[in-house]
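Worksheet for the structure shown next.
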Amino acid sequence: MSENLIGYIDNLGNIIDTQSADENIEAQAIEYDNSPEALEIIRHSTAHLMAQAITELYTNAKFFVGPTVDEGFYYDFKVDEKIGEEDLKKIEKKMKELIKKKYKIEKYEITKEEAIEKFTNDDLKQAVLTRIPDEVVFIYKQGDFEDLCQGPHVPALRFLHNFKLTRVAGAYLGGDETKEMLTRIYGIAFADKESLKDYIKMMEEAKKRDHRKIGAEMELFMFNEESGAGLPFWMPKGSRLRYKLENILHKAHRKRGYEPVRGPEILKADMWRTSGHYACYGENMYLTTIDEQEYGIKPMNCIGHIQIFKQSGKSYRDLPLKYYEYGVVHRHEKSGVLHGLLRVREFTQDDAHIFCTPEQIASEVIDIVEFVDSVMKLFGFEYSMEVATKPQKAIGDDDVWELATQGLKDALNENNLPFTIDEGGGAFYGPKIDIKITDAIGRKWQCGTVQVDFNLPERFNVEYVGEDNDRHTPVMIHRAILGSFERFIGILTEHYAGEFPLFIAPTQIIFVPISESHVAYAKELKNQLIDLDIDCEIFDKNDSLNKRIRTAEKQRVPYVVIVGDEEVENNSVAIRDRRAKEQYNLSFDEFMVKLSQQLNEGKI
RNA sequence: GCCCAUAUGGCUCAGGGGUAGAGCACUUCCUUGGUAAGGAAGAGGUCGUGAGUUCAAGUCUCACUAUGGGCUCCA
């Protein structure tokens with residue numbers, strides 16, 4: 001047996017650890033390395049090692065479950081003391097001490113009844129046992145420490161060296177909000193020291209890209225304690241960026257046959273009763289009373305668009321009819337989930353509603369998915385799609401839900417677009433396709449969404465006259481591509497680490513005049529560039545030239561342009577190009593052509 | 001909302017029961033410089049808010065607010 005053997009993988013893909021394998025096993029060996037299977041075993045064992053360390057440090061510790069996750073492992077447990085970040089070092093130290101004892105990890109089998117008896121004083125283990133259907137369970141043992149577990153584990157503690165406990169958090173027992181809160185410690189582990197180092201370095205790099213940090217540095221947006229949590233302020237530079245993004249998208253919508261509309265921010269509560277929001281979404285809505293009438297601040301824009309549709313009679317010839325709005329919505333998110341621009345209480349959706357016939361759904365969904373793809377490609381985003389099905393709180397008949405859900409799947413399947421299923425994740429009025437983008441540290445965020453809705457049009461008596469001269473109810477497709485400007489710009493900031501491409505950069509060019517006599521020339525160029533919708537700044541402060549160049553370079557702008565006697569004389573510019581990472585001279589006209597070309601990259 | 005942690009000038013941070021420090025940024029002056037920090041002087045904080053303990057609280061305790069890491073939910 002190889003010294004580096006830590007388990008086997010059978011032809012069904014199951015991992016079998018050395019403790020479980022019989023002598024004549026003919027499965028493929030798993031060596032001690034960074035393969036996904038090896039890491040699964042190593043990380044799970046590290047979770048157990050952590051539990052053992054915690055047991056020694058906190059004698060009253062009780063453990064729930066300790067699985068591996070995408071990014072390492074965690075263990076949920078309960079102790080009488082409070083555990084903070086400080087304690088992680090202490091636990092790590094104890095883990096390293098335990099490794100030196102060179103315990104073997106052994107496995108034995110007992111019946112479930114014996115297990116219930118064995119852990120009779122441990123309510124958490126009892127909770128785990130109720131979740132196990134089998135009659136036989138397994139105990140893994142290292143030194144004095146025993147834990148109920150199905151494995152897999154490494155053969156001995158000597159395989160566990162390169163780990164780090166990353167954070168401490170609270171987690172509900174079994175993820176159930178009504179149950180007690182346990183302590184959760186997350187950690188990561190690898191087969192070699194280098195990989196662990198690389199991982200730690202990567203996390204540090206990711207932290208540098210955090211949109212909250214960059215947003216503050218670049219003065220894009222801010223929050224204010226006195227004004228309230230989750231309510232972002234857009235500072236001048238953030239607004240410039242946002243304006244450009246709005247503009248690009250505005251044109252893209254017009255090209256695709258969408259009409260701009262705008263509804264009120266606040267509507268009578270009865271509207272929300274009709275829509276079903278009051279019943280299904282009420283706890284997330286902000287309500288107020290005006291002249292003894294209850295009103296609700298809109299959490300979604302659909303109602304407004306429906307009223308506009310209904311304002312005049314519509315024929316089948318008008319369909320599909322596409323309305324879009326940069327709709328400001330308010331949603332009462334729980335205080336604990338607010339997160340920079342990625343989760344706020346007021347945000348602006350790039351929202352659109354398509355009124356169409358049931359026959360038009362498939363082609364409309366395809367068009368939307370194409371639109372989504374062109375936006376994602378523009379920014380170089382990787383994204384994934386998920387079809388979300390009927391949630392518990394929902395309105396409408398089951399068969400209508402079934403039809404709409406199948407429609408979405410068909411549209412994706414017909415175009416060979418890969419997707420996963422999010423069971424029960426749909427909106428209360430219909431199924432949806434969610435488009436998810438990954439942020440700098442690998443968290444996935446829902447951005448775009450496509451939702452088919454048979455319910456709202458019926459509730460609001462939306463109608464059109466068909467070819468047969470009868471009245472019919474149209475289908476409504478709700479869709480957003482960015483999702484919200486807030487979240488999208490947050491992710492965009494991390495994606496580019498603040499170095500936005502020219503077509504959306506908040507400041508596109510900084511002019512550095514060599515001396516005061518060149519400021520007039522810089523101003524002249526700046527004014528010409530404003531006509532191209534290009535935002536420029538002139539760094540003419542009373543600082544040394546070197547200092548001003550340094551400051552300008554640190555602003556993450558695409559171009560820093562130096563102008564002095566030579567440039568004034570030749571009507572030219574000396575360019576420091578972020579993209580090319582080099583310096584060169586161009587005539588101003590050539591520069592204008594270059595800029596126009598680069599602005600064109602932002603067209604979709 | 002729940003668990004844990006944090007809160008000191010615009011920003012990054014030091015200090016710590018006897019009424020506050022640094023660097024950057026800011027202001028003024030000198031310097032007018034050809035590609036990443038020229039020099040000097042100055043201004044700015046009742047140490048998140050409110051209570052309590054104490055002769056004395058930025059410092060200890062509690063509550064609240066906000067932020068961070070999670071749970072749950074979601075764009």
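Predicted, not measured: the structure shown is a model, and the values here were computed from it. Every chain is numbered from 1, with letters handed out A, B, ... down the list of sequences.
Remark: B:U46 base-pairs with no nucleotide in the shown strands. Criterion, Watson-Crick or G-U wobble with two distances under 3.5 Å. The partner of B:A51 is B:U61, by the rule that a Watson-Crick or G-U pair needs both atom distances under 3.5 Å. Across all strands shown, B:C74 has no partner, as no Watson-Crick or G-U wobble contact with both distances under 3.5 Å is found. Nucleotide B:U28: paired with B:A40 (Watson-Crick or G-U wobble, both distances less than 3.5 Å). Pairing partner, B:U6: B:A66, with both Watson-Crick or wobble hydrogen-bond distances short of 3.5 Å. With both pairing distances under 3.5 Å, B:A56 is matched to nothing as a Watson-Crick or G-U wobble pair. Applying the Watson-Crick and G-U wobble criteria (two distances, each under 3.5 Å), B:U19 pairs with nothing in any strand. Nucleotide B:U35 forms no Watson-Crick or G-U wobble pair with any nucleotide shown, as no partner meets the under 3.5 Å limit on both distances.
Heavy atoms of A:Gly336 sit under 4.0 angstrom from at least one base atom. Residue-level contact check: A:Tyr74 touches neither bases nor backbone, having no heavy atom under 4.0 Å from any strand. Using a 4.0 Å heavy-atom cutoff across all strands shown, A:Val344 reaches at least one base atom of the nucleic acid. Across all strands shown, A:Lys334 has heavy atoms under 4.0 Å from base atoms, whether or not it also approaches the sugar-phosphate. Backbone-only engagement by A:Ile83 is indicated by non-hydrogen atom pairs under 4.0 Å involving sugar-phosphate atoms exclusively. In this structure, A:Gly230 reaches the sugar-phosphate backbone alone: every heavy-atom distance under 4.0 Å involves primed, P, OP1 or OP2 atoms, never a base. Nucleic acid contact class of A:Gly175 (heavy atoms, under 4.0 Å, all strands): sugar-phosphate only. Among the atoms of the strands shown, none is found under 4.0 Å from any heavy atom of A:Asp434. Using a 4.0 Å heavy-atom distance criterion, A:Glu567 is classed as a base contact. If you check every strand for non-hydrogen atoms under 4.0 Å, A:Ala552 touches nothing. At the heavy-atom level, A:Gln583 lies under 4.0 Å from base atoms of the strands shown. Within 4.0 Å of A:Glu486, counting heavy atoms only, lies no atom of the nucleic acid at all. Within 4.0 Å (heavy atoms only), A:Gly483 reaches sugar-phosphate atoms of the nucleic acid but no base atom. As judged by a 4.0 angstrom heavy-atom cut-off over every strand, A:Ala169 is placed among the base-contacting residues.
Distance from the side chain of A:Glu225 is smallest for B:G48 among the nucleotides B:C4, B:G48, B:A75. In this structure, of B:U72, B:G70, B:G69, it is B:U72 that holds the atom nearest to the side chain of A:Val337. Ranking B:A5, B:G69, B:U67 by closeness to the A:Arg212 side chain, first place goes to B:G69. The A:Tyr172 side chain lies nearest to B:G1 when the options are B:G48, B:A75, B:G1. In the set B:A66, B:A36, B:C71, B:C71 carries the atom at the smallest distance from any side-chain atom of A:Ala171. Nearest to the side-chain atoms of A:Met181 among the listed nucleotides B:C2, B:A25, B:A75 stands B:C2. For A:Ala574, counting side-chain heavy atoms from C-beta on, the closest listed nucleotide (B:A75, B:G34, B:C71) is B:G34. Here the nucleotide nearest the side chain of A:Lys554, chosen from B:A36, B:A5, B:A66, is B:A36. Of all nucleotides listed (B:G33, B:C74, B:A36), B:A36 comes nearest to the side chain of A:Arg550.
Judged by the 6.0 Å and 45° rule, A:Arg43 forms a cation-pi pair with A:Phe190. Taking the ring axis of A:Phe539 as reference, the NZ or CZ atom of A:Arg548 does not stay both within 45° of it and closer than 6.0 Å to the ring centre.
Checking the phosphate oxygens (OP1, OP2) of B:C74, no side-chain nitrogen or oxygen of A:Gln446 falls inside 4.0 Å.
Scanning atom types as modelled, no donor and acceptor separated by under 3.5 angstrom connect the side chain of A:Glu516 and the base of B:G33. Put simply, the side chain of A:Arg167 and the base of B:C4 share no donor and acceptor less than 3.5 Å apart. Remark: the A:Arg331 side chain and the B:C73 base include no donor-acceptor N/O pair separated by less than 3.5 Å. For A:Arg576 against B:A36, a side-chain N or O and a base N or O form a donor-acceptor pair under 3.5 Å. Applying the 3.5 Å distance criterion, the base of B:U31 shares a donor-acceptor pair with the side chain of A:Asn542.
For A:Glu177 and B:C74, the CD to C1' distance is 13 Å, given to the nearest whole Å. Residue A:Asp210 contributes atom CG, which lies 12 Å from atom P of B:U12 at whole-angstrom precision. Rounded to whole angstrom, the span from the NZ atom of A:Lys541 across to the P atom of B:G33 amounts to 19 Å.
A salt bridge links A:Glu486 with A:Arg242: the distance from a Lys NZ or Arg NE/NH1/NH2 to an Asp or Glu carboxylate oxygen falls below 4.0 Å.
Relative ring orientation between A:Phe355 and A:Tyr323 is described as perpendicular, the plane-to-plane angle rising above 60° on a 0-90° scale split at 30° and 60°. In this pair, A:Phe371 and A:Tyr258 present their aromatic rings tilted. The plane angle is within the 30 to 60° band.
Under the 3.5 Å distance criterion, the side-chain polar atoms of A:Asp422 are left unmatched by any main-chain donor or acceptor of A:Glu386. Side-chain atoms of A:Lys526 never come within 3.5 Å of backbone atoms of A:Glu537 as a donor-acceptor pair (strictly under, hydrogens ignored).
The 5' end of RNA chain B is approached more closely, in terms of each residue's nearest nucleotide, by A:His332 than by the other of A:Lys432 and A:His332.
Nearest approach of A:Ala352 to A:Tyr324, heavy atoms of both residues: CB-CB, 3.8 Å.
With no hydrogens or angles considered, no side-chain donor-acceptor pair links A:Tyr186 and A:Glu71 at under 3.5 Å.
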